[in-house]
Amino acid sequence: MTDDAPRTDDAPRRLRVLAAMSGGVDSAVAAARAAEAGHDVTGVHLALSENPKSFRTGARGCCTIEDSHDARRAADVIGIPFYVWDLAERFREDVVDDFIAEYEAGRTPNPCLRCNEKIKFAALLDKALALGFDAVCTGHYATVVTNPDGSRELHRASDMAKDQSYVLGVLDDRQLAHAMFPLGDTRTTKAEIREEAARRGLFVAKKPDSHDICFIADGDTQGFLAKRLGAAEGDIVDESGTVVGSHEGAYGFTIGQRKGLRIGRPAPDGKPRYVLDISPVTNTVTVGPAASLDVTALTAIRPRWCGRPPTSGPAAYTAQLRAHGDETEVTAELVDGTELRVSFTTPARGVAPGQAIVLYDGTRVVGSATIATTERRVGAGA
């Protein structure tokens with residue numbers, strides 16, 4: 001086993017590659033491409049469900065026993081060894097419990113980022129390296145560029161419509177050195193990926209994509225949280241503090257939410273109201289007009305850099321605030337090595353503590369951090 005950074009272009013050597021196979025079409029095609037490129041590929045399905053005997057009836061995740069069977073059949077067609085690794089306990093501790101705790105604290109987490117950081121490119125990668133593998137291969141749409149000096153950079157996928165670099169923005173230099181994304185550097189539509197899968201004889205070619213949060217199979221996040229945190233009735237108030245409704249748990253709301261507020265009376269101007277703030281201490285949810293969601297600046301903690309860290313002092317970047325969000329122009333500066341201060345050229349809406357902000361320099365992913373506090377435009381709701 002060597003710690004040399006694997007290349008995704010015309011690599012001069014054959015790598016031992018561990019392909020994470022979720023049971024979906026993307027990871028199956030990624031594994032097939034890695035094998036076709038001449039690498040020594042082994043497939044592995046991560047058993048992450050608390051109930052490994054669960055089936056996908058009505059589910060939209062990627063962690064059921066059916067998915068493991070789909071992954072195994074794909075590996076058989078590709079002609080690579082295949083194993084199932086049980087990481088359910090680690091997944092529960094690092095992803096599910098974190099998800100619940102963050103919502104309980106009034107923050108909005110992204111479990112996909114946490115899974116990439118703690119599971120696929122930590123627990124899985126560590127085990128892979130210990131077993132002599134050189135790289136972990138996934139079906140993410142992102143591109144790894146190897147520089148002449150051997151350093152690596154994470155870039156957006158060639159096709160922006162499928163780009164998934166946001167959820168990979170938590171990867172550090174070491175993790176990036178052992179990452180392989182065979183789907184990221186080709187301009188192919190999802191329909192073409194499915195056609196490729198069909199040509200390769202992979203029956204997952206027509207399998208629907210997984211959506212939402214894999215461990216909440218029915219998509220009911222509020223119901224999932226309620227079962228684990230219990231009912232906690234509280235007030236919904238407007239910006240003046242006037243009670244306008246009630247709720248059964250502040251954890252069931254996110255900043256920017258409009259639907260499902262169950263407010264008893266309309267706003268004076270008749271316009272919709274949105275969640276502006278969530279206070280776990282007082283168990284209140286504050287609502288107001290859309291203009292009051294305008295965020296002009298934020299601070300973020302726990303920064304992680306994809307490759308080289310940013311230069312000292314404030315610098316101009318673009319930022320992405322959610323997995324399928326648009327880019328926005330920002331100025332960002334790292335303070336004391338632990339806090340990222342960001343100001344927006346144009347106010348952004350729906351920015352919530354707990355979310356990740358990912359910085360870009362062109363197509364290159366600079367790094368990410370977790371949003372801690374936000375600043376809103378004074379008098380925005382007037």
Side-chain angles (χ1 to χ4, degrees), residues 6-9 17-37 39 41 43 46 60-62 67 71 74 110-117 119-121 124-125 135-146 152-171 175-176 178-198 200 202 204-214 306-307 318-327 356 358-368:
R7 300 176 62 89
T8 57
D9 49 5
V17 175
L18 187 68
M21 302 181 70
S22 66
V25 63
D26 290 332
S27 61
V29 171
R33 287 187 178 184
E36 189 175 62
H39 299 304
V41 180
L46 304 183
R60 298 176 289 181
C62 58
D67 294 310
N110 186 312
C112 294
L113 272 85
R114 196 65 61 235
C115 182
N116 286 328
E117 176 189 358
I119 304 300
K120 291 179 182 175
F121 291 96
L124 175 62
L125 177 60
V136 167
C137 166
T138 73
H140 287 101
Y141 290 88
T143 305
V144 176
V145 174
T146 303
R152 310 190 93 201
E153 297 176 352
L154 179 65
H155 285 252
R156 289 191 181 277
S158 298
D159 185 351
M160 279 290 293
K162 299 193 300 296
D163 176 62
Q164 293 177 309
S165 61
Y166 174 85
V167 297
L168 297 169
V170 291
L171 301 189
Q175 294 168 323
L176 194 59
H178 299 282
M180 181 181 288
F181 307 121
L183 304 187
D185 58 357
T186 55
R187 286 189 174 274
T188 51
T189 65
K190 191 55 179 280
E192 289 170 330
I193 290 293
R194 293 188 180 282
E195 290 172 3
E196 179 179 340
R200 293 179 180 276
L202 302 170
V204 292
K206 295 183 179 180
K207 183 177 179 179
D209 290 337
S210 59
H211 296 287
D212 301 318
I213 301 169
C214 68
C306 291
T318 57
Q320 191 169 326
L321 299 165
R322 54 186 62 85
H324 303 291
D326 295 327
E327 284 185 299
V358 177
L359 298 180
Y360 293 84
D361 181 6
T363 63
R364 181 176 72 88
V365 181
V366 178
S368 68

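FYI, side chains are in, hydrogens and waters are out, and symmetry mates aren't considered; it's all heavy atoms of this structure.
For the atom pair CG of Leu46 and SG of Cys115, the computed distance is 7.5 Å after rounding to the nearest 0.5 Å. Going from atom CZ of Arg156 over to atom OH of Tyr360 covers 4.0 Å, rounded to the nearest 0.5 Å. Taking SG of Cys137 as the start and CG of Leu183 as the end, the distance is 7.5 Å to the nearest 0.5 Å. Rounding to the nearest 0.5 Å places CG of Asp26 at 3.5 Å from NZ of Lys190. Residue Glu117 holds its CD atom at 8.5 Å from CG of Leu171, rounded to the nearest 0.5 Å. Here the CG atom belonging to Leu168 is positioned 6.0 Å from the CG atom belonging to Leu154, to the nearest 0.5 angstrom.
Nearest heavy-atom pair across Ala19 and Ala31 is CB-CB, 3.7 Å. Ala205 and Ala198 get closest at one heavy-atom pair: CB-N, 3.6 Å. When all heavy atoms are compared, the tightest approach of Ala197 to Val25 is CB-CG2, 3.7 Å. Contact record, Ala30 with Gly139: CB-CA, 3.9 Å, taken as the closest heavy-atom pair. Counting all heavy atoms, side chain and backbone alike, Ala20 lies closest to Thr138 at CB-CG2, 4.3 Å. Closest approach of Val204 to Ala28, counting heavy atoms only: CG2-CB, 4.0 Å.
For the pair Arg152 (side chain) and Ala179 (backbone), a donor-acceptor distance under 3.5 Å is present. Under a 3.5 Å cut-off, the side chain of Glu153 and the backbone N or O of Arg364 do not form any donor-acceptor pair. Distance alone, capped at 3.5 Å, is enough to place a donor-acceptor pair between the Tyr166 side chain and the Ala356 backbone. Side chain of Gln320 to backbone of Ala323: a donor-acceptor contact under 3.5 angstrom is found.
The existence of a salt bridge linking Arg33 and Glu36 is excluded, since no basic side-chain nitrogen approaches an acidic carboxylate oxygen closer than 4.0 Å. Salt bridge status for Asp67 with Lys207: present, with a side-chain N to carboxylate O gap under 4.0 Å.
Side chains of Leu125 and Gln175 form a contact here, defined as non-hydrogen atoms less than 4.5 Å apart. For the pair Asp159 and Tyr141, the minimum side-chain heavy-atom distance is 4.5 Å or more.
Under the 30°/60° scheme for interplanar angles, the aromatic rings of Phe181 and His140 are found to stand perpendicular.
At a cut-off of 3.5 Å, with distance as the only test, no side-chain donor of Thr143 or His155 sits close to an acceptor on the other residue.
Val358 pairs with exactly one of Val365, Val366, Val167, Val170 by the side-chain contact (heavy atoms from CB on, under 4.5 Å) rule, that one being Val365.
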